[in-house]
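A quick write-up on the structure given underneath.
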Amino acid sequence: MLRESVRALAEAKIAPFAAAVDEEARFPQEAHDALVANDLHAVHVPESYGGAGADALATVIVIEEVARVCASSSLIPAVNKLGSLPVILSGSEELKKKYMTPLAKGDGMFSYCLSEPDAGSDAAGMKTKAVRDGDYWVLNGVKRWITNAGVSEYYTVMAVTDPEKRSKGISAFVVEKSDPGVSFGAPEKKLGIKGSPTREVYLDNVRIPADRMIGAEGTGFATAMKTLDHTRITIAAQALGIAQGALDYAKGYVQERKQFGKPIADFQGVQFMLADMAMKIEAARQLTYAAAAKSERGDKDLTFQGAAAKCFASDVAMEVTTDAVQLLGGYGYTRDYPVERMMRDAKITQIYEGTNQIQRIVMARNLP
Ligand code: CAA
């Protein structure tokens, strides 16, 4: 039921704008409004804070169905979860109430600020500092590649509070867009997910009350990693949705397109490609849903499974969207058809929330 209703909504209210959002590299406001109106913008927020209380699998299905028509729009529910999960996992009850309530209402989105210009894969090498000043912390630094920066109202920011201790000297904070000293860089000019703004976040003597720290001092890196264990699965869902969208489009196209006097779907070479695409998508789906169930239960092997699902599903998305372009031939290579957008959008899923090379490091360190 959930899948059917999200699919109907996505096709009616999100798909019609997907090409324009990509072409104009603009925020998918129509998608945002439709998601908020249907309580699908941050489904993971527990009911006790006014949220929909969706479990990890339901959240995955929402993201998958939105990504099937517009990857940029799927970053609204996905990054709302990524940005807010540190608070849900490690924050005080006051912090949860304060920030999950407006998020659930649709009054403010959440972003996640881990990466920096010189700290991508090596997240613990960050330079952003937070220095205690009485009842306040003062933050200084630059965060880079921040999804939905500028649009989001709230930011989970990881910063160094004790430079001697590397990962154990990092703490997490909630920073608000309206905090004096917060500003944003120019939107990055990207290959895909053009509707989702990616900008730098500048923190210039941002003075925030001490109770905005998420969890205890020094636990920010562990919180950031625990968060990714859960949310890499949402990126797997996004990848899965993009791949399914490309397969669905190609499946229709090959039945319409005639060459040598018959639909190209009648040729075995085309059939084999479609079969492989569907097989890989189904494998990615099973892995992703199993990982979502593990996320919900908090299973011990979640770290491995989350990384595996993200890595596998994103590689599948890249293969399947590339094959979809191939099936459409010259037409597939033009912006008159959606599959080239899907191929460009798929690429980021192999890169963000940890490159697929990092996923392999994570898997190797956590072999089942
Ligand atoms: N759960 C809980 N704690 C964890 C953990 C996990 N999964 N992984 C690590 N930790 C903690 C541990 O306490 C560990 O300390 P111990 O020695 O006591 O075990 C501490 O963190 C340090 O861990 P490592 O020694 O493994 O740290 P490392 O420096 O070797 O880095 C890494 C590990 C896996 C490479 C990590 O840096 C990483 O994941 N890098 C990729 C960063 C990333 O994914 N960035 C994505 C940005 S968000 C994004 O892209 C969002 C978007 O736009 C949509």
Side-chain angles (χ1 to χ4, degrees), residues 63 67 71-86 89-90 109-126 128 143-152 155-158 160 162 165-172 187-188 190 192-193 195-201 215-216 218-239 242 291 294-295 298-311 314 345 347-367:
I63 293 166
S72 291
S73 300
S74 72
L75 283 164
I76 295 170
V79 174
N80 273 339
K81 178 163 180 178
L82 172 66
S84 64
L85 201 60
L89 290 176
S90 310
M109 303 208 308
F110 245 99
S111 288
Y112 179 85
C113 303
L114 179 67
S115 304
E116 297 185 0
D118 296 318
S121 293
D122 181 12
M126 67 178 65
T128 295
K143 292 293 176 179
R144 186 174 280 181
W145 314 122
I146 306 310
T147 302
N148 291 341
V151 182
S152 288
Y155 298 80
T156 288
V157 174
M158 268 53 76
V160 177
D162 186 346
K165 295 189 181 157
R166 208 178 127 88
S167 69
K168 297 282 194 299
I170 291 171
S171 305
E188 303 290 348
K190 307 189 298 288
I193 55 156
S196 175
T198 309
R199 300 169 70 175
E200 285 188 326
V201 176
T219 61
F221 190 75
T223 295
M225 292 298 117
K226 276 185 216 156
T227 297
L228 292 172
D229 285 346
H230 294 278
T231 59
R232 283 173 177 154
I233 300 163
T234 67
I235 298 304
Q238 182 188 40
I242 297 171
K294 285 177 186 293
S295 156
D299 284 0
K300 279 211 176 65
D301 56 351
L302 171 63
T303 302
F304 175 88
Q305 293 284 344
K310 187 279 199 195
C311 187
S314 60
D345 287 345
K347 185 63 205 172
I348 191 62
T349 64
Q350 295 180 307
I351 297 171
Y352 61 15
E353 293 216 21
T355 62
N356 282 2
Q357 288 68 34
I358 289 294
Q359 304 311 318
R360 289 179 169 92
I361 291 174
V362 172
M363 284 186 272
R365 288 183 183 174
N366 294 278
L367 288 175

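Note that ligands are numbered from 1 as they come in the structure, with each ligand's atoms numbered from 1 the same way.
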Worksheet item: Is the number of heavy atoms from other residues, nucleotides or ligands within 6.0 Å of CG (Asp299) greater than 12?
Response: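 Counting neighbours around CG of Asp299, more than 12 heavy atoms of other residues, nucleotides or ligands fall under 6.0 Å, so yes.
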Worksheet item: Where do Lys81 and Ile63 land on the side-chain contact (heavy atoms from CB on, under 4.5 Å) test, with the steps shown first?
Response: CA-CA 11 Å; Lys81 178 163 180 178; Ile63 293 166; 5.8 Å; no
Worksheet entry | Residues Gln238 and Ser74: side-chain donor-acceptor under 3.5 angstrom |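 The criterion, which ignores hydrogens and geometry beyond distance, is satisfied for Ser74 and Gln238.
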Response to the item:
Contacts of Tyr112 meeting ring pair (Phe, Tyr, Trp, His ring centres under 6.0 Å) (sequence neighbours excluded), chain-then-number -> none
Discussion item. Could you work out, with side-chain contact (heavy atoms from CB on, under 4.5 Å) as the rule, every residue matching Thr147, not counting sequence neighbours?
Written reply: Leu75, Val79, Ser196
Please tabulate, one line per pair, the protein nitrogen or oxygen atoms found under 3.5 angstrom from a nitrogen or oxygen of ligand 1, with distances to 0.1 Å, or say none if there are no such pairs.
{"unit_1": "ligand 1", "atom_1": "7 (N)", "unit_2": "Asp229", "atom_2": "OD1", "d": "3.4"}
{"unit_1": "ligand 1", "atom_1": "7 (N)", "unit_2": "Asp229", "atom_2": "OD2", "d": "2.9"}
{"unit_1": "ligand 1", "atom_1": "15 (O)", "unit_2": "Lys168", "atom_2": "NZ", "d": "2.9"}
{"unit_1": "ligand 1", "atom_1": "18 (O)", "unit_2": "Lys168", "atom_2": "NZ", "d": "2.8"}
{"unit_1": "ligand 1", "atom_1": "26 (O)", "unit_2": "Arg365", "atom_2": "NH1", "d": "2.9"}
{"unit_1": "ligand 1", "atom_1": "29 (O)", "unit_2": "Arg166", "atom_2": "NH2", "d": "2.9"}
{"unit_1": "ligand 1", "atom_1": "30 (O)", "unit_2": "Arg365", "atom_2": "NH1", "d": "3.0"}
{"unit_1": "ligand 1", "atom_1": "37 (O)", "unit_2": "Ser121", "atom_2": "O", "d": "3.2"}
{"unit_1": "ligand 1", "atom_1": "39 (O)", "unit_2": "Arg232", "atom_2": "NH2", "d": "3.2"}
{"unit_1": "ligand 1", "atom_1": "40 (N)", "unit_2": "Ser121", "atom_2": "O", "d": "2.8"}
{"unit_1": "ligand 1", "atom_1": "44 (O)", "unit_2": "Arg232", "atom_2": "NH2", "d": "2.8"}
{"unit_1": "ligand 1", "atom_1": "44 (O)", "unit_2": "Gly354", "atom_2": "N", "d": "3.0"}
{"unit_1": "ligand 1", "atom_1": "50 (O)", "unit_2": "Glu353", "atom_2": "N", "d": "2.8"}
{"unit_1": "ligand 1", "atom_1": "53 (O)", "unit_2": "Thr147", "atom_2": "OG1", "d": "2.7"}

Fill in: Non-neighbouring partners of Asn356 that pass side chain to side chain donor-acceptor pair (under 3.5 Å), sequence neighbours left out
Lys310, Ser314, Asp315
